[in-house]
Peer 1: 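A single structure is presented below for examination.
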Protein chains: 2
Amino acid sequence: MQNQSNNMTIDPVNILKEHSLKHTKQRIRVLEEIALDTVAISQPELEKKLGKEIDRVTLYRILNIYEDKGILHRIMDMNGTANYAICSSSCSEDHHHDEHVHFNCTNCTKIYCLDVVLPQIKMPQGFTAATMHTTAYGICEKCSVMVSK
Amino acid sequence: MQNQSNNMTIDPVNILKEHSLKHTKQRIRVLEEIALDTVAISQPELEKKLGKEIDRVTLYRILNIYEDKGILHRIMDMNGTANYAICSSSCSEDHHHDEHVHFNCTNCTKIYCLDVVLPQIKMPQGFTAATMHTTAYGICEKCSVMVSK
DNA sequence: ATATAAATGCAATAGTATTGCATTTATGAT
DNA sequence: ATCATAAATGCAATACTATTGCATTTATAT
């Protein structure tokens with residue numbers, strides 16, 4: 001459910017068009033790679049996979065642009081490294097609707113985007129929240145199966 | 001309310017005793033500095049303040065031990081840098097009860113520990129959450145006052 | 001007072017991310 | 001299709017965050 005490949009539904013060229021970004025082969029590759037799985041992928045993993053095709057710096061720049069445009073969202077893991085996943089279609093440059101819950105497995109370190117909606121939380125007087133990030137830390141589906149074997 | 005100095009209620013030497021840690025002047029200084037404010041302080045800020053007194057590496061090691069022991073809790077900010085705040089008294093080595101909500105100001109970058117309790121969120125089948133981190137991003141009390149002036 | 005284990009400081013190194021600049025590429029106008 | 005132009009890329013250098021190994025210093029239990 002969280003793990004399904006969703007590359008069928010992602011059209012990199014179209015996404016680039018929608019956000020008036022030039023479609024270079026590097027930008028297309030990055031989207032293809034991230035779209036392979038709804039589980040978020042870390043910058044180091046991306047670099048390992050794409051390092052021969054795309055320069056480190058270019059990769060960073062592409063990831064930043066995609067985040068700015070609301071194409072990807074960025075989740076920090078417990079080590080402070082950036083992880084990326086495709087945003088739901090409702091995200092835009094103005095506002096990231098990534099108010100869902102992330103699950104960061106402390107065993108395999110994978111980050112899942114859960115289909116759980118975060119309950120509304122009321123802020124104290126004077127504090128205005130624009131976005132909300134929630135991450136649960138624990139053992140994921142796959143790892144709990146492996147452990148119990 | 002979130003901002004009050006709480007150094008009256010923090011006794012570094014006692015905290016160290018409770019966790020059977022040797023009380024060195026470096027460890028005491030770190031606790032003193034962090035206890036000055038309930039707003040979390042980042043590693044770089046701490047290093048700037050304590051860099052003349054304490055070696056970088058020692059500071060990292062002290063922060064790691066304090067986190068392991070449940071004395072401090074660590075909050076990652078949007079840049080992936082570690083921020084530290086004193087844990088509530090109920091935290092222990094076994095379990096961090098830091099299920100409260102953090103507020104990360106996108107203007108001044110300060111991280112507040114809010115007195116808001118996170119509603120229970122139920123995990124999907126197979127996922128077991130041990131801890132839960134929620135961070136709201138937006139404009140804090142102080143910054144919204146400044147802006148409105 | 002002293003032995004011992006632990007903590008510290010220093011040097012080196014690893015990992016993550018950014019900046020500046022020359023070269024290459026995508027795209028709109030011709 | 002060609003070309004001019006602005007934008008994207010690649011490369012080198014650099015900054016920032018964090019960790020490891022080892023010699024020296026320090027806390028504390030005897």
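Note on naming: letters A, B, ... go to the chains in the order of the sequence lines (proteins, then strands), and numbering restarts at 1 for each one.
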Peer 1: Whole angstrom is fine here: how far is it from CE in A/Met76 over to P in C/dG15?
Peer 2: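 Spelled out: CE on A/Met76 to P on C/dG15 is 18 Å.
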Peer 1: More 5' along DNA chain C: A/Gln43 or B/Val57, using each one's nearest nucleotide?
Peer 2: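 Going by which nucleotide is closer to the 5' end, it is B/Val57.
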Peer 1: Would you say A/Asn64 places a side-chain N or O within less than 4.0 Å of OP1 or OP2 belonging to C/dT18?
Peer 2: yes
Peer 1: Rounded to whole Å, how long is the line connecting atom CG of A/Leu59 with atom P of D/dC11?
Peer 2: 14 Å
Peer 1: For A/Tyr137, what are the other residues in its hydrophobic cluster, where any two members join if their side-chain heavy atoms are less than 4.5 angstrom apart?
Peer 2: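 Joined to A/Tyr137, directly or through intermediates: A/Met78.
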Peer 1: Using a 4.0 Å heavy-atom cut-off across all strands, classify A/Arg27 as base, sugar-phosphate, or nothing.
Peer 2: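 It contacts sugar-phosphate atoms only.
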Peer 1: Take atom CD of A/Glu53 and atom P of D/dT9, then tell me their distance rounded to the nearest Å.
Peer 2: 13 Å
Peer 1: Whole angstroms only, please: what is the CG-P distance between A/Asp55 and C/dT24?
Peer 2: 15 Å
Peer 1: So which protein nitrogen or oxygen atoms get under 3.5 Å of nucleotides 26-30 of chain D's nitrogens or oxygens?
Peer 2:
{"residue": "D/dT28", "atom": "OP1", "partner": "B/His23", "partner atom": "N", "Å": "3.3"}
{"residue": "D/dT28", "atom": "OP1", "partner": "B/His23", "partner atom": "ND1", "Å": "3.0"}

Peer 1: Evaluate B/His102 against B/His73 for ring pair (Phe, Tyr, Trp, His ring centres under 6.0 Å), listing each step before the verdict.
Peer 2: CA-CA 11 Å; B/His102 292 123; B/His73 66 268; 5.2 Å; yes
Peer 1: Measure from the side chain of A/Thr58, starting at C-beta and using heavy atoms only, and say which of C/dA17, C/dT8, D/dG10 lies closest.
Peer 2: D/dG10
Peer 1: To the nearest 0.5 angstrom, please state how far the SG atom of A/Cys140 sits from the CD1 atom of A/Ile111.
Peer 2: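 Rounded to the nearest 0.5 Å, the SG-CD1 separation comes out at 11.5 Å.
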Peer 1: Nearest 0.5 Å, please: how far is OH in A/Tyr66 from NE2 in A/His19?
Peer 2: 10.0 Å
Peer 1: To the nearest Å, give me how far apart NZ (B/Lys48) and P (D/dC16) are.
Peer 2: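 One finds 10 Å between P of D/dC16 and NZ of B/Lys48, rounded.
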Peer 1: D/dT20 C1' sits how many Å from B/Arg56 CZ, rounded?
Peer 2: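 Those two atoms, CZ and C1', are 14 Å apart.
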Peer 1: Within less than 4.0 Å of OP1 or OP2 of D/dT19, is there a side-chain N or O belonging to B/Tyr60?
Peer 2: no
Peer 1: Does the side-chain contact (heavy atoms from CB on, under 4.5 Å) test come out yes or no for A/Ile28 and A/His23, once each step is laid out?
Peer 2: CA-CA 7 Å; A/Ile28 292 168; A/His23 46 287; 4.2 Å; yes
Peer 1: Separation of A/Ile75 atom CD1 from C/dT16 atom C1', in whole Å?
Peer 2: 17 Å
Peer 1: For A/Thr81, which contact category applies under a 4.0 Å heavy-atom criterion: base, sugar-phosphate, or nothing?
Peer 2: sugar-phosphate
Peer 1: Are B/Leu16 and B/Ile34 connected in the hydrophobic side-chain network, where two residues link if heavy atoms are under 4.5 Å apart?
Peer 2: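 Yes, one cluster joins them.
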Peer 1: Is the shortest side-chain N to carboxylate O distance from B/Glu32 to B/Arg29 below 4.0 Å?
Peer 2: yes
Peer 1: Would the base of D/dG10 count as contacting A/Arg61 through its side chain, where contact means a donor and an acceptor less than 3.5 Å apart?
Peer 2: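 Per atom types, the contact qualifies.
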Peer 1: Rounded to whole angstroms, how far apart are CG on B/Asn79 and C1' on D/dA15?
Peer 2: 14 Å
